Amino acid sequence: MMEYYCINDDASSYNTNIKKKRWIRKMSKEKFNNEHIKEKLKQKAWYKHRMVLFLAIFFIGMVGMTFLIYKQSKNMSNSSDLNGLQSLATNSDALMGSYSDGTGVTNGDGSAYTHELSSEEVDEKIKKFVSEHEGISEEDYTKQLKKLMKNHHETEDFILHYPLVMKGLEQPNARGNGNINFKDSVPELYQWDSRWGYQEYSADVLGFTGCGPTSLSMVAIYLLQDESKTPSWMAEFSKSEGYAVAGNGSSWELMSKGAEKIGLRVEEVSLSESSIAEALRDGKPVICIMGPGHFTEHGHFIVLTDYVGGKEVDGNLNGGSFIMHDSNCVQNSARLWKYTEIADQIEGLWAYSLPKTYKFKSQKLLKQHFEKHGKDMGFESPEEYEAAASAVINNFDSLHKTEAEDGDDIYYIEETNEFVVLSTEGFIRTYFHPDKGKKYYDSQ
């Protein structure tokens, strides 16, 4: 400890010295304290600057990582390079699960996927192919063939081999490969797949006019879990039932009455994002007929298979994206679609599911109604009567409304005068032929 005074015999001098020394000691302590405080403040400022610098570096790093992730997602590959597009077209599951936001579909190496070819590139490819194959010439490639190859590069194999198949120089399914993966999702099929693309349909071949059969085939294979319902099978079915329209593809009835005939339940869907999204989330694929616009110059069927994202506001789903299977275009199938991009081109749409089996609540009620109505309607057993009532409910042509009084569903087929009431619990209440026909239905 420092000493700040000494002994002096003079009293006044002593007192004066004491005061001086006390003052010196006080000032020394204050000086010490001030320097200590300054040092502390310097340390705090240093720590503060370091913290600010650290937070700045951390923020910049997070922004950089977010940008890289965003950039990577924008450049998602459709699992193929340009040389492998034909294998994608014939392998129905090759593109499932790989979608972009529509701003750019890329190749496996991240480079931009060139969806179109120039006229010069088309001519060069045809010239080279003709030089390597006997029996065909460049004149065999019509404007229609060249246009399809130019607009959709992935059809190259189908187009180049077209004259060989049409002249019988090559089997049409010689290059078809890959099984159809349909167990867990709607398969992705293309109308120009060599397994069926050269098959005659609607005064042309499926590769050009087969969007209808191919779209319904995707839905039927998945819902019925029946791989035999290929585009080839569906085209023959469509022709036999009169749904193939020469030169114009397929009638809309293929998607409604035709679908019912092969065992599917069909519902019309109102044109709104929420209605379509709800159908898809209920496991019901939706087929749309598109008018002129992004997908076609005349008319084109496409399949919506799922709805991702979106938020529910006041009971309505909005702001999400649709997954699409376009049987004519790999690029359209490899990206997500906003409702606003397609809504003004949709001219009609249908949702599909498996038919439900509806029954009376009890055997006692079934027998009572069979005795009262079924026998007069010509049914031979209560089971036959019940199955017919269930079929009315599943029939696409049935008129339908809900009773205001108790909420029961009423179904009526005017052509056959069949009337069914389904309870809010999902049981058949009654089934009969009303004497007043449609007037009776209207009065309910």
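Numbering starts at 1 and runs along the sequence shown. Computed from a predicted structure; not experimentally measured.
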Is there a side-chain contact between Thr155 and Tyr190 (heavy atoms, below 4.5 Å)?
no
Quick check: Tyr411 with Phe419 (ring centres under 6.0 Å apart)?
no
Restricting to side chain to side chain donor-acceptor pair (under 3.5 Å), what partner residues turn up for Thr416, sequence neighbours left out?
Glu418
Of all residues at least two apart in sequence or in a different chain, which pass the side chain to side chain donor-acceptor pair (under 3.5 Å) check with Ser217?
none
Would you sort out whether Glu414 and Tyr441 count as a side-chain hydrogen bond (donor to acceptor under 3.5 Å, both in side chains), showing the intermediate values?
CA-CA 9 Å; Glu414 187 172 8; Tyr441 169 81; over 6 Å; no
Apply side-chain hydrogen bond (donor to acceptor under 3.5 Å, both in side chains) to residues Tyr222 and Thr305 and explain how you reach the verdict.
CA-CA 11 Å; Tyr222 171 62; Thr305 64; over 6 Å; no
Identify every side-chain donor-acceptor pair in residues 342-359 under 3.5 Å, counting partners at least two apart or on other chains, and give the distances.
residue: Gln345; atom: OE1; partner: His294; partner atom: N; Å: 2.7
residue: Gln345; atom: NE2; partner: Glu341; partner atom: O; Å: 3.1
residue: Tyr352; atom: OH; partner: Met255; partner atom: O; Å: 2.7

Ser274 and Glu278: side-chain donor and acceptor closer than 3.5 Å?
yes
Is the shortest heavy-atom distance from the side chain of Val392 to the side chain of Asn394 under 4.5 Å?
no
Ignoring hydrogens and geometry beyond distance, is a side-chain donor-acceptor pair present between Thr430 and His369 at under 3.5 Å?
yes
Does any part of the side chain of His433, heavy atoms only, come nearer than 4.5 Å to the side chain of His373, both counted from C-beta?
no
Report yes if some heavy atom in the side chain of Leu164 is under 4.5 Å from a heavy atom in the side chain of His133; otherwise report no.
yes
Criterion side-chain hydrogen bond (donor to acceptor under 3.5 Å, both in side chains) on Tyr243 and Lys261, from CA distance to verdict:
CA-CA 12 Å; Tyr243 301 128; Lys261 289 180 179 179; 3.2 Å; yes
Sorted by chain and residue number, the side chain to side chain donor-acceptor pair (under 3.5 Å) partners of Asp409 (sequence neighbours excluded) come out as His400, Thr402
With salt bridge (Lys or Arg N to Asp or Glu O under 4.0 Å) as the test, would you mind laying out the steps for Glu297 and Lys147 before giving the verdict?
CA-CA 13 Å; Glu297 296 177 358; Lys147 182 179 179 181; 3.1 Å; yes
Do Lys128 and Glu124 have side chains that approach each other closer than 4.5 Å (heavy atoms only, starting at C-beta)?
no
Mind checking what makes side chain to side chain donor-acceptor pair (under 3.5 Å) contact with Asp226, not counting sequence neighbours?
Ser228, Lys229
Name all residues meeting the ring-ring contact (aromatic ring centres under 6.0 Å, His included) criterion together with Phe237; count only those two or more places apart in sequence or in a different chain, and write none if there are none.
Trp233
Assert yes or no for the condition that the ring centre distance of Tyr339 to Tyr307 is strictly below 6.0 Å.
no
State, with a plain yes or no, whether a side-chain heavy atom of Phe396 is found less than 4.5 Å away from one of Glu268.
yes
